[in-house]
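Remarks on the structure that follows.
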Amino acid sequence: MRVVKIGAIVAAIVVAGLAAAAVAVYSSADTSTVGKLGFEHELAIPPLLEARTDGDGRKVFDLALQEGNVELIPGKQTRTWGANGPHLAPTLRASRGDRVMPRVRNRLGEATTTIHWHGMHLPAVADGGPHQPIRPGETWTPEWTVDQPAATLWYHPHPHPDTEDQVYRGLVGMFILDDPEADALALPDDYGVDDIPLLIQDKKFEDDGSLDFSKGLVSPTGLLGDEILLNGTHDPHLSVRHERVRLRLVNASGARVYNIGFADERPFELVATDGGLLPAPHKTRRIQLSPGERAEIVARFEPGEEVVLRSFEPDLGTNFFDGRFSGADDTFDLLEVRAARRLAAAPAVPRRLAAPEPAPPGPRGRVRRFELSGQGSINAQSLDMERIDEVVRAGTTETWEATNVSGQPHVFHPHDVRFRVLEYGGERPPPHLRGPKDTVYLRPHETVRLAIRFGDLTDPEHPYMFHCHVLQHEDRGMMGQFTVVE
Ligand code: C2O
Ligand code: CU
Ligand code: CU
């Protein structure tokens, strides 16, 4: 009797202990920096990399990939990766019609990497996915002609299965594309002055300042940092001298979704998404960005004011458990904008931005379906670099349907193309998903339908990738390959 009783009591204590531990894990998984920052450091602006023009008229961008130390947290050194510097990579810029040739030298020491031009329409051999490794000491010189509208693209490593790790180390940069129509618009366009790049990455630090690579006990999406760096700056502020400022937001994080707005709830104008300008600006108070997504917003400031750019709780569509461990309850102060006492006047955002891309002509190509499940597969298969999953005919328009058949967040991204969202969760897409896109968040148990126009760069041998841009999922094989053929 007695023994049984003690057994029951011990069991009860163990259960209570486990429950308490679970509650502790659950509640400590909620992260917030709101109201806790001093905005001590001036926001760094990634330098614009001057291209040199070679004898064949190509714009050559010299990038040396390297490891280094940088003071991210005051008084501490962090080992990071960068291009042409210890952390992050310079901004590249080119115009429609330019022939570009990055010269990418791997000086990382031991590591093999790749550099992928996210959002760029280019030949598959120039894409920089896992099929174009750059081994230690090697130089990779892809080339292509820019043939797409003005947009904020970005570049990052893509070696399989090390993308999450290498992106986290900070080897990411922006690639801004211009075109004459966009140049003619009265939008803020003075780089680093009233046109501000913002590469957003979350980090976790060990006490000694080194990067913490641990994933946490329960983690449906991978590493979630509790410190948000903008352009590598911790606790940043930005001083502005113009009444209107464009912010180019790039979510360069591995798993975290940001829901960005201003602390005082002022509206701003969304002018561009991943693939370029919207037909007309969309006035809103929030823009949610999942890993890989970009947005350009124009915000207005009053002389002498200070206002905080914040990431509010993202709407992930997950249940409360998966949500908590995917960052759905997390909030962050990102940046304090400090407006000068006198601000240069700026014209209102034009009511018309880009001519809407013409409805794709001709017959609709195939409908293809992609089911993203668990953490490592699409259509029940994980990546096989030797297997071509889809073969697409050049110049056709297809409908790709991506369904999240799990309870976890996923993010669908095909290389080489821009797409239009036809339907999001069975409905007309919300305004911020009506512009040109190349990356889209998939809510659990929902389908997005995308119209994708494939270009005319064909190569039956070399594939492009499509994958989940939650980088841990990608690294686990939630990735497939397609070729574009005649
Ligand atoms: Cu940011 Cu495969 O891409
Ligand atoms: Cu990409
Ligand atoms: Cu995923």
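In each ligand, atom 1 is the first atom listed, and ligand 1 is the first ligand listed. Because the structure is a prediction, the values reported are computed rather than measured.
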Legend entry - Salt-bridge contact R368-E401 (side-chain N to carboxylate O under 4.0 Å): no

Inset, instruction - Sort by chain and number the protein N/O/S atoms found under 2.8 Å from atom 1 (Cu) of ligand 1. - result: H118 ND1, H156 NE2, H469 NE2

Legend entry - Gap between atom CD1 of I452 and atom CG of L422 - 0.5 Å precision: 9.5 Å

Legend entry - Presence of N, O or S from H116 under 2.8 Å of the Cu ion (ligand 2): yes

Legend entry - ring pair (Phe, Tyr, Trp, His ring centres under 6.0 Å) partner of H410, the single match among H467, H445, H469, H473: H473

Legend entry - Lys/Arg-Asp/Glu bridge criterion (N-O < 4.0 Å) met for E143, R103: no

Legend entry - D475 side chain to H160 side chain, donor-acceptor N/O pair below 3.5 angstrom: no

Legend entry - the Cu ion (ligand 2) to nearest N/O/S of H158 less than 2.8 Å: no

Legend entry - Ion pair R96/D147, N-O distance below 4.0 Å: yes

Legend entry - Metal-centred angle, atom 2 (Cu) of ligand 1 as apex - NE2 of H415, NE2 of H467, 10° resolution: 110°

Inset, instruction - Scan side-chain atoms only and decide if H158 and H131 contain a donor-acceptor pair under the 3.5 Å cut-off. - result: no

Legend entry - Closest approach to the Cu ion (ligand 2) by H413, given as the N, O or S atom name: NE2

Inset, instruction - State whether the side chain of R256 and the backbone N or O of Q201 hold a donor-acceptor pair below 3.5 Å, judged by distance alone. - result: no

